[in-house]
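Naming: A, B, ... by sequence-line order, numbering from 1 per chain.
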Amino acid sequence: MNRKTGFFGKLLIVLVLLYLYVPIVVLMLLSFNESRYNSLPFKFTTHWYQELAADTELINSAKNSLLLAFLTGIVCMILATFFILGQRYLAKRTQGLFNSIVMMPMSIPWLIIGLSILLMIRFMGFSKSMFFVAMGHIVISLPYSLLVLRARVSSLDKSLEEMSASLGASPWTTFRRVTFPAIAPAMLAGGFLSFLISFDNFPISYFLMPNGIFTLPIEIQSSIKFGFTPEINAISTIIIGISLVCLTVVGLIMRSNLKAMLGGKD
Amino acid sequence: MAKVTLKGLTKIYGKNTVVDHIELTVENGTLVSILGPSGCGKTTTLRMLAGFELPDDGEVLFDDEPVGNVPVNKRGIGMVFQSYALFPHMTVFQNVAYGLEQRKIPKQDIEPQVMEALRTVHMADFRDRKPSQLSGGQQQRVALARALVIKPRVLLLDESLSALDKKLRVEMQTELRRILEETHVTTFFVTHDQEEAMTLSDTIVVMHDGKIEQMGTPREVYEKPKNRFVADFLGKANFFEGIVTETGEGTVTIDTGNEKITIPADGAEAGEKVLYAVRPEKVKVFEKSEKPAGRTGIDGSADRFVYKGNITTCTVDSGSMSILSEMNSGDERKDAGRNAEVFVTWEPEDAIRLEE
Ligand SMILES: Nc1ncnc2c1ncn2[C@@H]1O[C@H](COP(=O)(O)OP(=O)(O)OP(=O)(O)O)[C@@H](O)[C@H]1O
Ligand SMILES: [Mg+2]
């Protein structure tokens, strides 16, 4: 690579990074800006965070979202583990079919999934409830957990489990002592991804939420209708902060686990 | 510690019958080597014995009891995989202790047994290492210790010494033999190393395309191979094939299709179709001038003599065929030059009559 292409390569990377992160950084900065209308000049304040602390509606919706996402993440993690470990015992062709079926929700617009679940609920005479919202979220988030976990499991040496059995371990012991340690990081990462998908989701929640209960995305959407307040910047900043912490924790777990797996110097 | 019987054992993958109605009985405490070219079904046979694969036909019996419904973890086998399969997140010690823990052995008894097993394979100093910090040969020895420490009824070894250097391998073979004699565990040993199979086994099974070509003691299969495949696979052989036209005192004349040759051999009658094999170490090479009077043999020109340490080989070209000879390097022998005119011969009983 000569110097000229080297320079343009670096420039391109910088531009892409700016494109990705400038809006987020601006949002975070504006949450500390005094102006109600997000206008300059910048004057530092924590006013909007105090305002936020008093805004029970926004806080409640954030709680709802967190709860929903947490539930979705856990359920997806468990389901994905069962699916992926179980499907290995199917015939090759059935495996392929099975995989395309569970992955399908990924290629159907969420809007349509939400709508169809709503129709289904109506059709069966139920009323909207958090239960169905959670179900909808699980349907759309599960493929992400599956994707992450499948990548790990397909590279998992099956002979390790066979060896464990040959040494006298029951299937449960084999799972606990051999399979689980190998796939735990992927389970966590997959669950986390599903958590994010659910937390972020607007269309499914919009269709299925019972009246009067909101998730954060819905709350934000509706409050924008009445004017965009820096409170929303503030809560977004908090969410970004929490995400970063989660990502770091997951990253650390995966690193240390990987190290333990590979037996690196510890 | 168990007599093992394979009854018409068969495995079919798609359209390929990779193990084809194998019949085999292995007495308690014997070591059977399974030899055969890559892909002939050795590993698949072991996997069915272990219970990882279900046979498509036939069954496996331990002590005359069918084990078809006994899951892997209840069969009491010990196995070393071709790929070792050490648990990557456990130390050497934990790997070896794993099987003992499953057997609910009291904690204080586990440690001495594990260390004993590790000492047997010379790996005691590595007890706290992770598998990724070991060389291939070291991993293989840990895998061996892990299989031995549980005192299995049936031991299944899939090329379990292949990654070791010659010296260490011989040492491990000796250890293995000692352990087997002490514990009387019935052992199936898959190997590509003929010498290893010869020295270790009570019985050798030669497999080809999922079928057993021949089984017997090492001496039987080497000295009395049944057919061309076995003779060729176990050691080297010179083949002579054709229709017998004439027989004499310890000689047979064969029409090979392009020519008639007379070779030292027995046990054929005129008109028969025959195939003889002669082991290279039985072939004696004489310089033309020293040709023993009255002996039957083949004239030819010698290719270079190749020194290979304990033996020296020489390929003799008779014009229509080439004959391989192996001589002890220590023997007093004039090294005939390249393309020297020579005469090769052997004793009639060294020509082994094969089935096909
Ligand atoms: N799970 C499987 N699905 C389809 N074919 C298989 C499977 N396992 C093995 N085979 C085929 O069965 C045949 C026998 O395989 P096997 O592993 O028993 O050979 P092997 O004698 O152990 O060879 P090697 O000496 O190379 O280890 C091979 O042709 C292989 O391709
Ligand atoms: Mg094999």
Side-chain angles (χ1 to χ4, degrees), chain A residues 81 85-97 149 151-189 250 252-266, chain B residues 13-14 43 46-47 49-54 70-92 94-105 126 128-134 139 142-143 145-156 158:
Chain A
T81 308
L85 292 181
Q87 52 119 34
R88 295 182 301 169
Y89 300 98
L90 298 173
K92 272 265 145 40
R93 202 179 306 166
T94 331
Q95 251 180 55
L97 187 70
L149 209 58
R152 177 69 189 102
V153 168
S154 65
S155 71
L156 182 72
D157 193 353
K158 213 175 169 189
S159 61
L160 292 180
E161 290 168 289
E162 292 177 341
M163 184 49 72
S164 168
S166 83
L167 290 168
S170 66
W172 168 241
T173 308
T174 297
F175 174 77
R176 198 167 48 83
R177 294 202 52 192
V178 175
T179 319
F180 179 71
I183 65 169
M187 283 171 65
L188 205 61
V250 170
L252 284 178
I253 292 173
M254 288 186 70
R255 261 243 304 276
S256 69
N257 205 302
L258 211 64
K259 246 198 200 148
M261 288 290 296
L262 302 175
K265 325 263 175 299
D266 28 32
Chain B
Y13 284 123
T43 298
L46 288 196
R47 290 178 60 80
L49 268 164
F52 297 131
E53 310 285 348
L54 294 178
V70 183
V72 181
N73 57 325
K74 300 265 160 52
R75 283 201 188 182
I77 50 153
M79 180 146 191
V80 177
F81 281 126
Q82 224 164 340
S83 61
Y84 320 146
L86 295 177
F87 303 126
H89 57 296
M90 298 183 197
T91 62
V92 166
Q94 289 166 336
N95 263 283
V96 180
Y98 191 88
L100 295 174
E101 284 161 14
Q102 307 312 319
R103 282 163 177 71
K104 307 276 178 290
I105 290 177
F126 298 87
D128 294 323
R129 294 250 193 124
K130 290 278 173 64
S132 60
Q133 297 166 312
L134 301 176
Q139 292 180 26
V142 175
R146 184 174 61 175
L148 287 172
V149 78
I150 56 174
K151 307 212 163 58
R153 297 167 75 195
V154 178
L155 186 61
L156 306 170
D158 199 346

B:M79, B:E101, B:K74: which one forms the most heavy-atom pairs within less than 4.5 Å of chain A?
B:E101
Part of B:R146 within contact of chain A (heavy atom distance under 4.5 Å):
both
Sort B:F52 into side chain, backbone, both or neither according to what part of it lies under 4.5 angstrom from a heavy atom of chain A.
side chain
Against chain A, work out which of B:A143, B:G99, B:P131, B:P152 has the most heavy-atom pairs shorter than 4.5 Å and name it.
B:G99
Show the numbers, then the answer: is there a side chain to side chain contact (heavy atoms under 4.5 Å, CB included) between B:F126 and B:Q133?
CA-CA 9 Å; B:F126 298 87; B:Q133 297 166 312; over 6 Å; no
Side-chain contact test, heavy atoms from C-beta onward, threshold under 4.5 Å: evaluate it for B:I77 versus B:R153 and give yes or no.
no
With salt bridge (Lys or Arg N to Asp or Glu O under 4.0 Å) as the rule and sequence neighbours excluded, what pairs involving residues 83-92 of chain B come up?
none
By side chain to side chain donor-acceptor pair (under 3.5 Å), B:R75 pairs with (sequence neighbours left out) none
Of the backbone (N, CA, C, O) and the side chain (C-beta and beyond), which part of B:I150 lies under 4.5 Å from a heavy atom of chain A, both, or neither?
side chain
Does any donor atom in the side chain of A:E161 or A:T179 lie under 3.5 Å from an acceptor atom in the other side chain?
yes
Tell me, side chain or backbone of B:L156 under 4.5 Å from chain A's heavy atoms, or both, or neither?
neither
